[in-house]
Amino acid sequence: MKIAVAGGTGMTGSLVVDRLRTRGHDVVVLARAAGVDLVTGDGLADKLSGIDTVVDATSIVARKASDYVHFFGSVASNLQSAGAAAGVRRIVTLSIVGIDGLGGGPFAHYDGKNAQEKATLAGSVPTTILRATQFHGFAGQLIDWTAKGGLLPCPKQPCQPIDVAVVADRLADLATTDESNPHVRLDIAGPEVHLMRDLVRRTAAARGQKLIVIPVWLPGKTAKAIRNGALTAPKDATILGGTFDEWLARTYPR
Ligand SMILES: NC(=O)c1ccc[n+]([C@@H]2O[C@H](COP(=O)([O-])OP(=O)(O)OC[C@H]3O[C@@H](n4cnc5c(N)ncnc54)[C@H](OP(=O)(O)O)[C@@H]3O)[C@@H](O)[C@H]2O)c1
């Protein structure tokens, strides 16, 4: 098959590209580094010629909810409209478990993900939305993005982390499955529930990084929903992959 991976230079997307190429598929990368701006649509139409399936694993790091909504909404709409024009048969979009109605403040990324899901479901190309929980490496990303002067404020956030390698496997499977349903949504999660602040502490320790995690209480409906487990696996989720401990030992061997 001929498959385009939007965000194919990124953390998740590059793993999907590797898997698809190993399985013998013809893969086209859609990213600015490959000459395509998915927000403006520049360069997209040419790259979609002959493509069967598009995987959307794009992302940005921004501050404001409006930036996330603009980015994810534009990318999803452009992939839908250019995909329909090129005869693409399916779009597989990576999203996040439990994000319905969540967003704002430190959770503004979820405003963008909700806009992305809405925009792709509004299009005519059938979409499979794969919602995953936070990756095992997310605690480390939080440290890199938000720790200042050795301090990191962290609200109570139950999570059920999953191995990004397993998420990439699943995306590659879905990209090569001939699905006849118009739109499908699937949830996947890792095997154990943890508090994000514990994973942050343990990641910092495994990295040999001095970090004090400050428990904070955040107001608002998103923070409350997350405290109550909104980001953990829903009942019908598929549980996949190994534990955080196994991943940590593999990633930061002593
Ligand atoms: N981290 C987690 O725990 C987690 C859990 C569940 C789901 N997810 C979802 O996983 C997705 C992928 O995240 P990631 O961390 O793997 O992404 P990432 O490493 O930040 O990669 C982002 C990709 O998007 C591309 N991109 C950014 N702006 C673009 C533009 N204007 N036009 C074309 N391409 C553009 C980048 O390439 P260029 O810079 O070359 O353009 C890059 O390939 C996100 O949507 C996130 O919500 C993450």
Side-chain angles (χ1 to χ4, degrees), residues 4-19 27-45 47-48 54-62 65 67-79 82 91-99 102-103 107-117 119-120 129-146 157 159-168 170-172 174 185-190 194 196 199-200 203 226 230-233 237 240-241 244 247 251:
V5 181
T9 57
M11 176 176 66
T12 316
S14 60
L15 297 177
V16 178
V17 169
D18 288 349
R19 279 152 178 74
V27 181
V28 172
V29 170
L30 308 176
R32 288 167 300 180
V36 182
D37 189 324
L38 292 164
V39 172
T40 61
D42 288 347
L44 179 57
K47 296 265 186 181
L48 288 186
V54 175
V55 177
D56 182 359
T58 54
S59 199
I60 51 159
V61 178
D67 293 338
Y68 282 114
V69 168
H70 175 65
F71 174 78
F72 282 109
S74 305
V75 170
S77 297
N78 285 333
L79 288 175
I91 295 174
V92 179
T93 298
L94 176 58
S95 190
I96 303 174
V97 159
I99 54 164
L102 305 188
F107 308 106
H109 187 86
Y110 302 151
D111 290 287
K113 298 302 287 182
N114 278 302
Q116 178 187 38
E117 288 195 4
T120 194
I129 293 177
L130 181 68
R131 282 181 162 191
T133 49
Q134 284 65 46
F135 305 152
H136 290 319
F138 183 76
Q141 290 183 304
L142 266 185
I143 297 172
D144 299 338
W145 292 330
T146 53
Q157 180 171 328
C159 60
Q160 196 165 339
I162 189 168
D163 191 336
V164 65
V166 170
V167 177
R170 200 71 194 98
L171 287 167
L174 292 168
R185 207 192 78 198
L186 307 164
D187 292 278
I188 56 172
H194 295 272
M196 184 56 75
L199 303 189
V200 166
T203 300
I226 289 175
L231 299 181
T232 58
L240 291 175
F244 180 78
W247 175 85
T251 308

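In each ligand, atom 1 is the first atom listed, and ligand 1 is the first ligand listed.
- Here Gln116 has no heavy atoms under 4.0 Å from ligand 1, in either its backbone or its side chain.
- With sequence neighbours left out, Arg131 forms a salt bridge (charged side-chain N to carboxylate O under 4.0 Å, His left out) with Asp100, Glu117.
- Of the candidates Gln141, Arg32, His109, Arg131, it is Arg32 that places a heavy atom closest to atom 29 (C) of ligand 1.
- Protein heavy atom at the shortest distance from atom 32 (N) of ligand 1 is Leu38 N, 2.9 Å.
- In terms of protein heavy-atom proximity, atom 34 (N) of ligand 1 is closest to Ala31 CA, 3.5 Å.
- Neither the backbone nor the side chain of Val167 has any atom closer than 4.0 Å to an atom of ligand 1 (non-hydrogen atoms only).
- Counting protein heavy atoms only, atom 25 (C) of ligand 1 is closest to Gly7 CA, 3.9 Å.
- The parts of Ala33 lying near ligand 1 are both backbone and side chain, judged by heavy-atom distances below 4.0 Å.
- Considering all non-hydrogen atoms of both residues, Asp67 and Ile60 come closest at O-CD1, 4.1 Å.
- What sits closest to atom 14 (P) of ligand 1 on the protein, heavy atoms only, is Thr12 OG1, 3.8 Å.
- Using a 4.0 Å cut-off between heavy atoms, Val75 makes no contact with ligand 1 at all.
- Scanning Val17, Val39, Ile162, Thr9 for the heavy atom closest to atom 37 (O) of ligand 1 points to Thr9.
- Taking only non-hydrogen atoms, the option from Ser59, Ala34, Ala168 nearest to atom 22 (C) of ligand 1 is Ser59.
- At a 4.0 Å heavy-atom cut-off, ligand 1 touches Ser95 through the backbone alone.
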